[in-house]
Amino acid sequence: MTEGLVSIIMPSWNTARFIGESIQSVLAQTYQKWELLIVDDCSTDNTDEIVQPFLSDDRIKYFKNENNCGAALTRNRAMREARGEWIAFLDSDDLWFPEKLERMIEFMQRNNYSFAYHQYEKIDEESMPLNILVSGPKVVTKRKMYHYGYPGCLTFMYSAKTFGLIQIKDIKKNNDYAILLKLCKKESCYLLPENLAKYRIRKKSISHDKLSKKLKSHYDLFHYCDEKPAIVAFWLACWNMWFGIWKKKKYEKGMKK
């Protein structure tokens with residue numbers, strides 16, 4: 001483990017359109033002691049071509065899965081490669097503001113926190129602002145984390161000294177939430193009330209069974225990944241969806257244009 005180093009976990013799959021901009025947002029960080037661990041999950045677009053020029057920076061490491069594994073196992077591989085004191089996450093279509101790492105490390109060290117997150121805003125596929133700021137509770141305890149996964153994946157960071165190697169089971173959705181559930185069992189997560197990232201909203205098809213699919217993915221998270229009994233997992237999944245509606249009303253606010 002390298003003192004002061006931030007290991008940035010970036011899974012990729014067919015995000016050639018966005019990944020260059022995401023990498024640039026890491027290169028622009030005011031805190032420069034980092035390593036970027038990109039693990040590509042058998043992309044069929046030109047991700048390789050986009051990433052290749054960035055590999056001249058020896059802080060950027062590019063790994064490729066031999067078989068398509070899904071986001072959970074892809075993140076697991078990146079976390080096994082991490083050498084940093086701090087672990088942070090940035091998906092290959094999201095963006096950080098330049099001060100993100102500097103402000104988070106200062107916040108965590110000043111308060112002796114091992115697990116923290118921050119606010120973020122939403123953008124569209126063309127990187128245009130949607131003028132929505134997303135926040136969360138000042139402290140996300142274990143109980144609150146089971147209510148809802150408040151920290152966005154692009155926002156939270158934790159101490160590898162405190163938590164060690166985190167690995168999660170192979171679930172197709174909510175794998176970032178699975179990481180949060182492992183972390184919250186040891187420490188609460190603290191909010192830095194600053195907007196330090198941009199989360200990209202991408203177009204998705206809407207089907208009549210969207211609600212049932214979402215319920216099923218949450219059930220799988222709590223039952224299969226977190227090993228809760230079936231009835232408890234179902235109750236938590238229902239509870240979680242209700243808190244998702246409440247979270248939008250309480251913690252998503254319009255921004256001034």
Side-chain angles (χ1 to χ4, degrees), residues 8-13 39 41 69-79 82 87-94 114-120 122 134-160 162-191 197 199-202 204 210-230 232-248 250-252:
I8 304 164
I9 308 302
M10 181 182 284
S12 68
W13 183 71
V39 180
D41 194 25
C69 300
L73 298 185
T74 300
R75 281 198 176 101
N76 279 351
R77 181 177 180 184
M79 287 188 281
I87 308 295
F89 299 82
L90 180 63
D91 283 349
S92 52
D93 54 357
D94 294 332
S114 297
F115 184 21
Y117 74 119
H118 57 76
Q119 298 171 332
Y120 64 93
K122 294 183 179 182
V134 182
S135 189
K138 291 181 180 179
V139 183
V140 185
T141 61
K142 177 181 174 180
R143 181 179 180 183
K144 285 184 179 178
M145 197 73 81
Y146 272 91
H147 287 168
Y148 193 79
Y150 290 101
C153 186
L154 72 168
T155 73
F156 71 87
M157 191 160 79
Y158 67 86
S159 165
T162 301
F163 295 98
L165 175 64
I166 297 293
Q167 299 281 272
I168 58 174
K169 290 186 178 180
D170 182 16
I171 53 174
K172 300 307 177 186
K173 296 183 179 180
N174 289 322
N175 46 85
D176 51 341
Y177 196 174
I179 296 171
L180 291 171
L181 292 181
K182 279 185 172 287
L183 295 170
C184 77
K185 291 172 183 176
K186 194 166 188 178
E187 298 278 350
S188 293
C189 188
Y190 296 87
L191 173 69
Y199 174 74
R200 193 182 305 275
I201 302 295
R202 297 169 64 183
K204 298 179 181 179
K210 184 178 180 181
L211 187 64
S212 62
K213 284 186 175 181
K214 192 170 184 180
L215 183 64
K216 175 66 164 56
S217 69
H218 280 82
Y219 174 83
D220 289 345
L221 167 69
F222 295 118
H223 182 55
Y224 173 67
C225 190
D226 201 47
E227 300 181 347
K228 292 288 187 290
V232 175
F234 180 75
W235 183 85
L236 286 170
C238 294
W239 199 233
N240 196 270
M241 293 181 71
W242 184 90
F243 267 97
I245 297 170
W246 179 81
K247 178 248 186 183
K248 282 192 173 184
K250 183 172 176 64
Y251 293 115
E252 294 194 13

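Index from 1, following the sequence.
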Salt bridge Arg75-Asp91, side-chain N to carboxylate O under 4.0 Å: yes
Set of residues satisfying side chain to side chain donor-acceptor pair (under 3.5 Å) with respect to Lys216, sequence neighbours excluded: Asp220
Tyr177 side chain to Met145 backbone, donor-acceptor under 3.5 Å: yes
Nearest-0.5 Å distance that lies between atom CG in Asn240 and atom OG in Ser217: 9.0 Å
CZ on Phe222 to OH on Tyr146, rounded to 0.5 Å: 7.5 Å
All pairs passing salt bridge (Lys or Arg N to Asp or Glu O under 4.0 Å) where residues 172-185 contributes a residue, at least two apart: Asp170-Lys172, Lys185-Asp226
Donor-acceptor pair, side chain of Tyr120 and main chain of Tyr199, under 3.5 angstrom: no
For Phe243, ring-ring contact (aromatic ring centres under 6.0 Å, His included) partners two or more places apart: His147, Trp239, Trp246
Quiz item: cation-pi between Lys169 and Tyr224, 6.0 Å / 45°: yes
Heavy-atom side-chain proximity of Asn174 to His218 below 4.5 angstrom: yes
Side chain to side chain donor-acceptor pair (under 3.5 Å) partners of His223, counting only residues at least two apart: none
Within 6.0 angstrom of Tyr251 OH, more than 12 heavy atoms from elsewhere: yes
Gap separating the CD1 atom of Ile87 from the CD1 atom of Ile166, nearest 0.5 angstrom: 9.5 Å
Gap between atom CD1 of Ile179 and atom CZ of Phe156 - 0.5 Å precision: 5.0 Å
Side chains of Leu191 and Ser135 in contact at under 4.5 Å (non-hydrogen atoms): yes
Non-neighbouring partners of Tyr158 that pass ring-ring contact (aromatic ring centres under 6.0 Å, His included), sequence neighbours left out: Phe163
Listed partners of Thr155 passing side chain to side chain donor-acceptor pair (under 3.5 Å), at least two apart: none
Separation of Tyr150 OH from Lys250 NZ (nearest 0.5 Å): 9.0 Å
Exam field: side chain Asn76 to backbone Gln167, donor-acceptor pair closer than 3.5 Å: no
